[in-house]
Peer 1: 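Before anything else, here's the structure in question.
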There are 2 protein chains.
Amino acid sequence: MTSIARKAASDRAPTSSDDDASAGWSRVTARDIAEELGISISTVSRAFTENAVISPRTREKVMRTAERMGYQPNPFARSLITRRSKIAGIVVADITNPFYPEVLANLTKRLQDTGLQTMLFFAGPGRKVDDALPTLLQYSPDVAIVLAATMSSEMVSACREVGTPVVLFNRYVPGSGAAAVCCDNVDGGRQVADALANAHHRRLAYIAGSPDTSTNNDRLLGFTERCRELGLDDPIVEEGGSFTYEAGSAAVKRLLDRRNPPDAVFCANDIIAIGALDAARRELGLSVPKELSVIGFDDISMAAWPSYSLTTVRQPVNAMIEMTIDEARRLLAHPQAEAEEQTVPGRLIRRNSARLEEVS
Amino acid sequence: MTSIARKAASDRAPTSSDDDASAGWSRVTARDIAEELGISISTVSRAFTENAVISPRTREKVMRTAERMGYQPNPFARSLITRRSKIAGIVVADITNPFYPEVLANLTKRLQDTGLQTMLFFAGPGRKVDDALPTLLQYSPDVAIVLAATMSSEMVSACREVGTPVVLFNRYVPGSGAAAVCCDNVDGGRQVADALANAHHRRLAYIAGSPDTSTNNDRLLGFTERCRELGLDDPIVEEGGSFTYEAGSAAVKRLLDRRNPPDAVFCANDIIAIGALDAARRELGLSVPKELSVIGFDDISMAAWPSYSLTTVRQPVNAMIEMTIDEARRLLAHPQAEAEEQTVPGRLIRRNSARLEEVS
DNA sequence: ATGAAAGCGCTAACAA
DNA sequence: TTGTTAGCGCTTTCAT
């Protein structure tokens with residue numbers, strides 16, 4: 001059967017049966033282009049391969065007919081051979097924090113710029129990251145990027161064993177073998193302590209987010225550490241339980257219900273801070289920042305909204321994304337390279353939710 | 001060369017050269033399982049194929065060794081033959097509106113429940129949906145889902161021609177051949193007009209979002225339509241220009257700057273409404289809802305925050321997601337079926353940003 | 001119920 | 001510079 005006959009046969013419309021579940025129409029393949037041009041399939045392939053030995057003229061010819069006939073190489077067939085899928089698997093845990101949609105969007109865009117497409121997986125309540133990974137690994141992505149979540153060291157090893165490096169974004173698991181890109185959360189906590197101390201706040205509090213997350217712990221660590229260095233009392237730590245508005249709102253009420261309430265609260269992230277700020281103002285009738293200073297972490301776009309004007313530690317998202325991509329590419333190029341845990345400093349953005357000294 | 005030898009050869013660790021760019025280690029294949037068990041590759045395949053003729057005992061045996069050896073079928077090789085990728089391509093345009101991250105998350109989860117993995121593409125400023133589609137189509141997804149964006153009819157046809165049905169979420173393009181799932185935006189607008197009229201508001205305004213979006217136009221259409229039916233003046237239409245906080249904030253200021261300012265504004269979505277509400281309260285010193293009623297659309301989680309307590313039309317997100325999935329499956333099963341444009345009614349959620357009559 | 005063989009669409013040696 | 005050949009890992013007739 002000639003290929004044209006084959007094509008015609010498969011080109012026929014699906015049967016008229018309403019139950020027809022045919023997968024649709026046949027696509028244009030390299031073979032079609034080859035036949036159209038009277039050249040070999042390999043040559044067509046070469047036209048689409050960078051650095052392949054092929055005369056510019058033939059390549060040009062191939063590209064034009066490909067364009068005309070609507071041919072695009074089949075990435076599945078290709079990756080079967082090249083053993084590179086050109087796919088990045090992204091696992092997202094917490095999409096309710098507005099910080100992450102933006103990261104996801106920009107990360108995906110930048111990945112796409114470097115020729116990697118994104119397969120998306122959600123972890124979250126009832127869906128552990130570890131559970132999502134077998135499915136992810138089926139697609140042998142060239143890299144797995146995990147946003148705001150951790151995974152077991154065993155899973156990281158499993159990934160590397162099948163050749164998929166893992167990059168954690170905004171989390172780290174020391175000794176796991178996973179690369180990690182984080183804002184310097186410890187330093188961020190310290191910056192806040194410094195700023196608050198300078199402005200003569202003396203009763204400091206910290207509203208925690210999800211326990212056992214490196215972001216939460218490190219921000220608190222730096223904050224406490226610096227308070228001690230400055231000879232201040234340890235901050236009161238109020239467990240929020242999660243990185244949510246409600247957590248912040250409830251926690252600040254408990255905090256201000258104490259005999260000796262704080263005059264400044266540092267919150268584990270912006271959403272908590274906004275919840276705290278709203279509750280302080282509207283439910284407790286406090287004036288912010290006059291009676292209470294509130295500081296967050298992340299600098300999500302809401303933080304700049306006039307009604308919040310939240311003082312916060314800005315995470316250098318774009319830099320972090322670039323580092324993530326660089327690390328991914330590095331690990332891809334050198335599979336047995338050591339995974340690096342990298343950190344970028346954040347910067348305190350002074351707005352109007354905290355009474356701070358003017359910076360000179 | 002025996003396959004064991006082949007395997008051993010490819011199993012060797014990458015060379016020690018630091019420049020080594022090998023793609024990693026070889027994975028377990030069906031062949032490995034077959035050899036381990038002394039059966040044929042076909043049988044291994046059958047064990048993983050639902051409704052395949054295979055004895056329960058063999059299947060069980062295969063599954064166990066697969067588990068033990070860490071074998072999972074390669075979806076690329078599989079889809080090369082089956083001509084089904086088990087992939088859903090999702091195109092997202094506007095991730096800054098908090099409505100969509102949640103949709104994306106839940107949609108992806110539900111898709112995954114039905115056995116479809118998600119490939120993610122971002123459109124947006126400078127990246128038209130139409131531009132993202134060729135890449136998307138390369139992966140021959142079983143369905144393309146477009147969130148909050150439109151595409152050209154030609155592109156829709158191109159998709160269907162290669163067997164990929166398109167489902168638009170929260171947009172529609174009549175006559176394009178794309179299926180669509182929307183909240184009933186016209187009806188939502190009408191509900192708002194009714195509620196406002198009942199509460200004796202007389203000077204109504206609408207703050208528009210992105211022009212030329214069906215969501216924006218239909219909400220306004222229903223609102224205006226119903227105002228006329230009720231014998232009210234046409235609402236003042238203030239162009240916001242986009243579905244953003246800043247747009248809402250700026251628009252409401254212009255609106256209240258008029259000689260004869262409105263006593264109620266209906267906003268094209270919640271983010272606009274929140275921007276309007278903040279500006280009205282904090283920049284113009286108005287009391288909401290006493291001096292101005294503000295109503296939004298979507299019911300994002302922020303709308304319920306105490307400081308906003310936004311009255312809004314709730315989109316039945318989960319229902320819409322189910323409909324999207326159902327439509328996708330239907331189109332998949334019957335490739336030549338007519339694409340349907342479906343609509344679900346929204347519901348007005350009465351909170352405290354609008355002065356409305358009590359409902360009986 | 002199972003195996004052998006063909007081939008999905010492509011790339012990568014190897015020849016020519 | 002190009003064509004030929006041999007698969008990548010899998011599913012699917014067709015025999016058995």
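Reminder, nothing fancy here: chain letters follow the sequence lines and each chain counts from 1.
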Peer 1: Does a side-chain N or O of B:Ser55 approach OP1 or OP2 of C:dT2 to a distance below 4.0 Å, or not?
Peer 2: yes
Peer 1: Look at all strands and tell whether B:Ile41 reaches a base, only sugar-phosphate, or nothing, counting heavy atoms closer than 4.0 Å.
Peer 2: base
Peer 1: Hey, can you tell me if A:Tyr71 and A:Phe48 have their rings parallel, tilted or perpendicular (30° and 60° cut-offs)?
Peer 2: perpendicular
Peer 1: What is the distance, rounded to the nearest whole Å, between atom CZ of A:Arg31 and atom P of D:dG3?
Peer 2: 15 Å
Peer 1: Are B:Ser55 and B:Thr58 linked by a side-chain donor-acceptor pair shorter than 3.5 Å?
Peer 2: yes
Peer 1: Measure the distance from CZ on B:Arg59 to P on C:dT2 and round it to the nearest whole Å.
Peer 2: 10 Å
Peer 1: Just the rounded figure in Å: distance from P of D:dG9 to CD1 of B:Ile33.
Peer 2: 13 Å
Peer 1: In this structure, how many angstroms lie between the P atom of D:dG3 and the CD atom of A:Glu35, rounded?
Peer 2: 13 Å
Peer 1: Are OP1 or OP2 of C:dG9 and a side-chain N or O of B:Arg83 less than 4.0 angstrom apart?
Peer 2: yes
Peer 1: Is it the case that over 12 heavy atoms from other parts of the model lie below 6.0 angstrom from the CZ atom of A:Arg329?
Peer 2: no
Peer 1: Can you measure B:Asn74 atom CG to C:dC10 atom P for me and round it to whole angstrom units?
Peer 2: 16 Å
Peer 1: How close or far is atom P of D:dG9 from atom CZ of B:Arg27, stated in whole angstroms?
Peer 2: 10 Å
Peer 1: For D:dT4, does the base pair up with any side-chain atom of A:Ser42 as donor and acceptor (N or O, under 3.5 Å, distance only)?
Peer 2: yes
Peer 1: What's B:Tyr71 touching, base or sugar-phosphate or nothing? Going by heavy atoms closer than 4.0 Å.
Peer 2: sugar-phosphate
Peer 1: Name the closest nucleotide to the A:Arg46 side chain, picking from C:dA12, D:dG3, C:dC10.
Peer 2: D:dG3
Peer 1: Classify the nucleic acid contact of B:Thr58 as base, sugar-phosphate or nothing, counting any heavy atom under 4.0 Å across all strands shown.
Peer 2: sugar-phosphate
Peer 1: Is A:Thr43 touching bases, backbone alone, or none of the nucleic acid, heavy atoms closer than 4.0 Å?
Peer 2: sugar-phosphate
Peer 1: OP1, OP2 of C:dC10 versus side-chain N and O of A:Ser45: anything below 4.0 Å?
Peer 2: no
Peer 1: Of the nucleotides C:dT11, D:dT2, C:dA4, which one has an atom closest to the side chain of A:Arg78?
Peer 2: C:dT11
Peer 1: Say whether B:Thr82 and B:Ser79, considering side chains only, have a donor N or O and an acceptor N or O under 3.5 Å apart.
Peer 2: no
Peer 1: Mapping B:Val53 and B:Ala77 onto DNA chain C by nearest heavy atom, which one lands closer to the 5' end?
Peer 2: B:Val53
Peer 1: Do you see a donor-acceptor pair shorter than 3.5 Å between the side chains of A:Ser40 and A:Thr43?
Peer 2: yes
Peer 1: Out of D:dT4, C:dC10, D:dG9, which has the shortest distance to the side chain of B:Leu80?
Peer 2: D:dG9
Peer 1: Would you kindly give the CD1-to-C1' distance between A:Ile54 and D:dG3, to the nearest whole Å?
Peer 2: 12 Å
Peer 1: Expressed in angstrom and rounded to an integer, what is the separation of A:Ile81 atom CD1 from D:dA6 atom C1'?
Peer 2: 9 Å
